[in-house]
Structure formats: structure tokens, C-alpha cells
Number of protein chains: 2
Amino acid sequence: MKATIYDIAKEAGVSIATVSKVINGKGRISADTRSAVFAIMERFDFQPSVIASALTGKKTFTLGLLVPDVSNPFFAEIARAIEDQGHQLGYSVVMCNTDNKDEKIERYISLLLQKSVDGIIIATGIEKKEILEQLLVKNLPIVLIAREMPLVAVETVVVDDYAGGCLAAAHLLELGHKEIAILAESQKVSSSRERMRGFRQTMEDAGVAFNEKWLKICDYKVEDGRINTLDLLSEDSRPTAIFCCNDLLAVGSLQAAKELQINIPSDLSIISFDNTILASVTNPTLTTIAQPMEQMGKLAVDLIVEHIKGDKKAKQRTVFRPELVIRESTALHTTILQ
Amino acid sequence: MKATIYDIAKEAGVSIATVSKVINGKGRISADTRSAVFAIMERFDFQPSVIASALTGKKTFTLGLLVPDVSNPFFAEIARAIEDQGHQLGYSVVMCNTDNKDEKIERYISLLLQKSVDGIIIATGIEKKEILEQLLVKNLPIVLIAREMPLVAVETVVVDDYAGGCLAAAHLLELGHKEIAILAESQKVSSSRERMRGFRQTMEDAGVAFNEKWLKICDYKVEDGRINTLDLLSEDSRPTAIFCCNDLLAVGSLQAAKELQINIPSDLSIISFDNTILASVTNPTLTTIAQPMEQMGKLAVDLIVEHIKGDKKAKQRTVFRPELVIRESTALHTTILQ
DNA sequence: TTGAAAGCGTTACCAT
DNA sequence: ATGGTAACGCTTTCAA
């Protein structure tokens with residue numbers, strides 16, 4: 001059996017109250033008692049039970065993390081950043097893969113609640129805002145990362161998706177592209193919507209019309225990118241560039257182009273979003289809009305911990321600046337053969 | 001405040017014992033009482049506290065998962081499989097990134113113990129076998145996945161790394177390669193060691209000598225693969241094929257070859273190990289030895305849950321068969337120009 | 001079929 | 001400086 005404070009107290013000839021105090025460094029305890037108790041704890045390899053401690057109203061030092069899918073490199077990198085900082089601050093993180101399904105989300109939240117996590121970091125899209133509101137009512141610290149719920153007052157950490165879209169468009173425009181297609185995720189996803197909005201606005205501002213038939217709404221996987229790009233490129237009039245709303249879709253585009261023997265970037269430029277490991281691994285490597293995933297994850301944890309500690313009541317929305325990372329998948333539009 | 005069984009009991013006009021029984025479906029409760037209590041729980045949005053329940057000696061329904069780094073696609077995919085099956089069986093998983101550092105491992109284990117997890121799944125290399133032994137003594141269910149500790153009696157789920165190495169060598173040999181280099185991870189990692197052993201044995205059996213100067217021991221990241229390959233390819237006599245002990249290293253090799261304008265696979269074949277998403281995303285795509293990550297993760301969870309439930313005492317070592325997945329990075333060795 | 005009460009391992013308040 | 005004890009929310013045994 002594991003040792004308890006009773007064992008330690010008995011061995012040290014003191015009360016459990018005293019042991020508790022030395023564990024927590026509270027109250028006034030003589031140096032002698034303190035060191036004696038420490039020695040015995042050491043000898044017994046004593047680890048205080050977080051469970052019992054939590055029951056008395058203290059924290060569980062556990063955070064819930066909702067992501068659509070950790071096997072998606074973007075969320076894997078976010079998860080890593082969050083776990084790192086959580087660990088740094090003394091919190092464990094429980095990982096939950098939601099597949100963006102509201103019913104799974106509700107089940108996970110219910111489980112996390114039963115386990116009395118101290119807060120939940122949400123990186124998954126939620127359709128029903130009621131789910132979030134119910135959480136907020138319970139006064140449970142919540143932070144949204146890489147997702148938005150504009151109608152709900154909740155702490156939020158995002159990249160400026162709109163600006164990212166603008167950056168992408170500006171880059172393509174600068175290279176002389178005018179016939180541009182967009183591969184976007186479901187428009188239920190706020191980030192995807194904003195990226196597209198920024199992109200289109202920048203085109204419009206530049207006086208370049210966007211051809212609606214070149215807008216493809218896909219799921220978020222490589223295969224979706226591939227199929228939709230195949231579709232796009234098999235028509236008579238082709239775009240000279242494609243903006244993919246994330247790296248996974250861009251990988252699919254790359255594959256499609258390769259199948260059709262279309263050379264990237266000389267025949268077709270591709271720009272993507274996220275800058276996960278994938279963007280640096282493809283051939284050609286992907287020009288992409290980078291999100292500072294590590295900083296975002298770290299901030300999300302810092303914020304939630306501040307709320308947990310009660311140091312903070314005001315909710316903020318922190319927007320990081322995205323950055324254009326130029327690699328090999330984009331090039332000047334050459335009109336020679338057109 | 002959250003509702004407790006006391007609230008429910010009071011409202012229902014019964015004792016907390018009765019409420020507890022209906023929650024757990026234990027003892028004999030009249031249908032009337034049962035449904036009345038259920039109705040009230042519903043109305044109060046009551047969620048029993050796992051914390052309090054755990055304190056009475058029941059399970060926490062939480063598993064610890066130790067991985068070197070979730071942002072490594074291999075472990076991300078393993079983590080996803082484990083979390084899925086865990087959730088399926090009612091367990092949450094606490095993710096821990098160890099960076100393969102024994103000191104971080106010890107700290108994580110200590111934390112998981114304080115939180116009374118029901119078991120720990122270990123996918124990270126551990127140098128000091130004492131760490132594991134101490135855990136086993138505590139009678140805490142442990143499963144090793146994708147790692148081995150031959151000297152410790154612990155439930156283990158692995159792929160046959162040796163056979164995988166053989167498969168890789170056989171493929172290269174069949175393609176006519178004889179000048180083969182190996183990029184391996186630290187030899188402290190059992191899987192890497194075994195892969196190499198199988199590979200070399202197969203070469204030897206085929207009467208092809210392995211040139212020791214073509215063995216590069218690296219870390220596990222893309223950059224390590226790149227540097228070491230650059231090194232390898234900048235000497236006067238070059239190998240015609242490289243066996244990379246994981247996909248990340250292979251990506252690095254691909255990059256190095258590209259920098260040196262060496263064409264894959266016509267000038268140099270590359271074969272790797274794992275078959276993560278990366279293998280299908282590079283250009284050329286990677287011929288690789290696939291591990292059934294999903295099945296392995298699922299089995300690891302099934303096994304640990306059996307131990308938790310006490311249905312099982314014997315420890316087994318389950319070895320999955322790896323599979324050769326031929327893609328574009330390997331080709332016949334052409335002697336024309338040699 | 002139901003309930004009273006002890007117990008799980010801590011914390012915190014109030015005494016001493 | 002230290003200790004007694006109630007309380008946290010639940011499970012379980014034993015009795016009624």
C-alpha cells in the first residue's frame with residue numbers, strides 16, 4: 001500500500017495536521033519537526049494524493065485539451081506547446097480528440113467535468129455555442145486557441161487569419177497571378193472563413209476579380225485537397241495559383257499537380273497556411289503563412305492558469321501576427337505561353 | 001456550486017446510499033425510486049465526482065501516456081490510436097512529452113502516481129531500468145509500446161524491428177544495391193538497434209559486405225538526417241542506397257540529396273521506417289517499412305485495461321509484423337555509369 | 001428495498 | 001509550534 005500522511009505522522013510522532021503543514025509549507029513548524037518529517041517522507045517514498053487534496057477543494061492541477069485530431073501535425077504541434085508549458089507550471093494535460101463532432105465534444109467535456117479539471121483549452125471547432133456557454137456559467141476557466149466564437153465572451157488566442165489571408169493574396173498578386181483558386185475548409189470553421197475573406201478582399205482591393213467557380217470547399221485532409229485540385233485542374237481554363245487554407249490541403253494539391261504532370265511552381269503556384277512540419281518536407285517545399293504555434297500554446301496555458309489562480313477576471317482576445325514564409329511552391333507568373 | 005449526491009438525495013427524499021446505488025446500478029432498488037432519482041439527477045445536471053469516487057478506492061479511469069514528443073508524427077499517430085481506444089473503454093489519457101530524458105520521465109511518473117492514474121503506457125525510451133522496476137513493484141499496470149526493456153518483465157507491444165530491417169535490406173538487395181549506408185538513431189534505442197541488426201544480417205546472408213564507414217548514428221530529427229546524409233554523400237565513394245531508421249531521418253536525407261542535386265531514386269535509393277504521414281507527403285514519396293500504429297495503440301490500451309480490471313496477470317510480448325510499402329524513393333540500381 | 005455510518009487521504013479552522 | 005477534528009463527495013457494509 002502507498003504511504004499516507006497517517007503513516008508519516010505516526011512514524012514522526014506528530015499529528016497529521018503537522019505533516020500536512022510541512023508538506024504545504026504552511027503555518028509555523030519548528031525546523032526540527034520539519035526536517036524530521038521530510039526525512040520520513042523521503043524514507044517512505046511518500047507522495048501526497050492529489051485526489052484527496054482535490055477533494056478538500058484544492059485544484060487537480062489538470063487541464064483538458066480538446067483538439068480535432070492530434071495526428072494532424074498542426075494540432076500535434078499546438079498540443080506539444082501546451083503540454084510543455086502546462087508541465088512547466090505544474091499542470092497535466094488530458095488530451096481529447098474530437099474529430100470536430102459536437103457530440104464527442106459534449107461527451108469529453110462532461111468527462112472532464114466529472115474529473116474536476118481546473119480548466120479546458122479548446123482548439124476544436126464547436127458549432128453549438130450553447131456548449132461553451134454552459135461551461136462559462138459553471139465558471140470553469142476556458143481558453144480558445146486557434147478557434148473563435150465571436151458571440152461568446154471567452155478568452156481567445158488566435159492568429160490574425162484575415163491578415164494571413166491578405167498576406168497570401170498579396171504575395172500571389174505580387175508574383176503576377178490573377179487567375180487564383182481557393183481551397184477552403186468548411187465555412188463553419190471561423191479561421192478558414194477569415195483567411196478566405198482576407199484573401200478575397202486583397203484581391204478585390206487590387207482590382208482582380210475572383211472567379212467563384214474556383215472556390216472549393218473541402219474537408220481538411222490531404223485527400224480532400226487532392227481531389228478538389230484534380231477537379232480544379234481538369235477544367236479547360238485553369239488557375240495559375242492556388243491558395244490552400246492549410247498545409248494538409250496543400251499537400252493534396254501538390255500530389256494532384258504531380259499526377260497531372262503540372263510543374264510547381266513554374267506552371268502553378270501553391271501557397272498554404274500554418275507552416276507545420278509538412279510545409280518544409282514536401283518537394284517543392286511550401287510557401288506558407290506561418291502561425292506562431294509555440295507562442296500561442298504557451299500563452300493559452302499562461303492565460304488559463306491565471307484564471308485558475310483567480311488573478312484575472314477580464315477576458316482578452318490575443319491576436320498574433322501571421323508571417324509569410326517564402327519557400328519553393330510559388331513563383332512569378334509567366335505569361336509566355338498564355 | 002455543483003450538485004452532489006446529498007442534493008439529489010435530499011430532493012428525492014432518499015438517502016445518499018440509495019442515490020449511490022442507482023448511479024452504480026448496484027443493490028436492489030425499486031423501479032420507482034430509481035426513475036425518480038434519475039429524473040432528479042437529470043434536472044440537477046448532476047455529474048458524480050470521479051475524484052471522490054476514486055478516493056474510496058475505485059479507479060480514476062485515467063491513463064498516463066509517455067511519449068518522447070507528440071509533434072513527431074509517429075508518436076502523434078500512436079497517441080491518437082491510444083486516446084481513441086482509451087476513450088472507447090472509458091479512460092482519459094494524460095499526455096507527457098519526455099524528450100527521452102530520464103529525469104523528465106521520472107518527474108512525469110511521480111506526477112502520474114500522485115494523481116493515481118490507473119496505468120501508464122510507455123512509448124518512450126528509458127535508460128535506467130530501475131525506473132520501470134520501481135513502477136512494477138508498486139503493482140501499477142504498465143505497457144510498453146514501440147519500445148522494449150528486455151530485462152524487465154513488462155507487457156510489451158512492438159513491431160518486429162529485426163524483421164523490418166530484414167525487409168528493408170531484402171528490398172534494396174533485390175534492386176541490385178550493394179553499396180548501402182545506414183542512418184540509425186542512438187543505439188540506446190532498442191528498436192533502432194534491432195532494425196539495424198536485421199538489416200545487416202540480411203546483407204551478410206546475401207554475401208554483401210557492409211562498409212562500416214557508412215554507418216551514421218544520429219539523433220532522430222530531420223536536420224540530423226540531413227547533416228549526416230550530406231556528410232555521407234560528400235565523400236568520394238558514395239553509397240547507392242540509404243536505409244534510414246525512421247521517416248524523419250529519411251526526410252532529411254531527401255533534403256540533402258536535393259541540395260546536392262542527386263536524384264532520388266535514379267541516383268540514390270532511400271528506404272525508411274514507420275510509414276507516418278510524412279512518407280506519403282514527400283516528393284518522391286518514401287518506400288518505407290510500415291508499422292501498424294493503430295492496431296498497436298489499440299492493443300496497448302486493451303492490455304492495460306485488462307490488467308487494471310485484474311482479469312489478467314500473465315505478461316505477454318506481442319510482436320506485429322512490419323510491412324514493406326513500396327513507393328517512389330527506391331529503384332533498380334543502374335550500373336551504367338559506374 | 002432502504003438507510004446509517006465508517007472510511008478514503010487530505011486541508012483548514014480553532015484550540016491549546 | 002502543534003494537534004483535534006470537521007469537511008470534501010462518494011462507496012460499501014451492515015442492519016433494519
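Convention: sequence-line order gives letters A, B, ...; per-chain numbering from 1.
Regarding A/I5, its CD1 atom lies at a distance of 18 Å from the P atom of D/dA7, rounded to whole Å. Between the C1' atom of D/dC8 and the NZ atom of A/K59 lies a distance of 14 Å, rounded to the nearest Å. Atom NZ in B/K2 sits roughly 10 Å away from atom P in D/dG9 (whole-Å rounding). Atom-to-atom, NZ of B/K58 to C1' of C/dG7 comes out at 15 Å; the value is rounded to the nearest Å. A straight line from CG of A/N24 to C1' of C/dT10 spans 9 Å, rounded to a whole angstrom. Rounded to an integer number of Å, the gap from NZ of B/K10 to P of D/dG9 is 13 Å. Atom-to-atom, CG of B/D7 to P of D/dG9 comes out at 8 Å; the value is rounded to the nearest Å. Atom P of nucleotide D/dC10 and atom CD1 of B/I23 are separated by 7 Å, given to the nearest angstrom.
Considering only heavy atoms from C-beta on, A/N72 stays 4.5 Å or farther from A/E77 through its side chain. Under the 4.5 Å side-chain criterion, counting only non-hydrogen atoms from C-beta, A/D7 is in contact with A/T4. Looking only at side-chain heavy atoms (C-beta outward), A/K115 and B/I51 stay at 4.5 Å or farther from each other.
Residue B/K26 has a polar side-chain atom (N or O) positioned under 4.0 Å from OP1 or OP2 of D/dT12. Note on B/S49: every side-chain N or O is 4.0 Å or more away from OP1 and OP2 of D/dC8. For D/dT2, the OP1/OP2 oxygens have a side-chain nitrogen or oxygen of A/S30 closer than 4.0 Å. Proximity of B/S15 to the phosphate of C/dA4: no side-chain N or O atom is located under 4.0 Å from OP1 or OP2.
When each of D/dT2, C/dT11, D/dT12 is scored by its nearest atom to the side-chain atoms of A/S20, the top-ranked nucleotide is C/dT11. You'll find that the side chain of B/A52 is closest to D/dG9, out of D/dG9, C/dT2, D/dT2. When the nucleotides C/dT10, D/dT2, D/dT12 are ranked by their closest atom to the side chain of A/I29, D/dT2 comes out on top. Taking every side-chain heavy atom of B/R28 into account, C/dT1 is the closest of C/dT1, C/dA12, D/dC10. Checking C/dT11, C/dG3, D/dA1 against every side-chain atom of A/T33, the shortest atom distance belongs to D/dA1.
Among the atoms of the strands shown, none is found under 4.0 Å from any heavy atom of A/V50. In this structure, B/V19 reaches neither bases nor backbone, as no heavy-atom distance under 4.0 Å exists between it and the strands shown.
Under 4.0 Å is where a charged nitrogen must lie from a carboxylate oxygen, and between B/R80 and B/E294 no such pair does. Classification of B/D118 and B/K309 as a salt-bridged pair fails, no side-chain N sitting under 4.0 Å from a carboxylate O. Ionic pairing of B/K128 and B/D102 is not present here: no N-O contact between side-chain nitrogen and carboxylate oxygen is shorter than 4.0 angstrom.
Nucleotides of DNA chain D nearest to A/I16 and A/L55 differ in position, and the one nearer the 5' end is that of A/I16. In terms of position along DNA chain D, the nucleotide closest to A/G13 lies nearer the 5' end than the nucleotide closest to the other residue of the pair A/G13 and A/T56.
Looking at B/Y6, its side chain comes within 3.5 Å of the base of D/dC10 through a donor and an acceptor atom. With hydrogens and angles ignored, a donor-acceptor pair closer than 3.5 Å exists between the side chain of B/K21 and the base of C/dG3.
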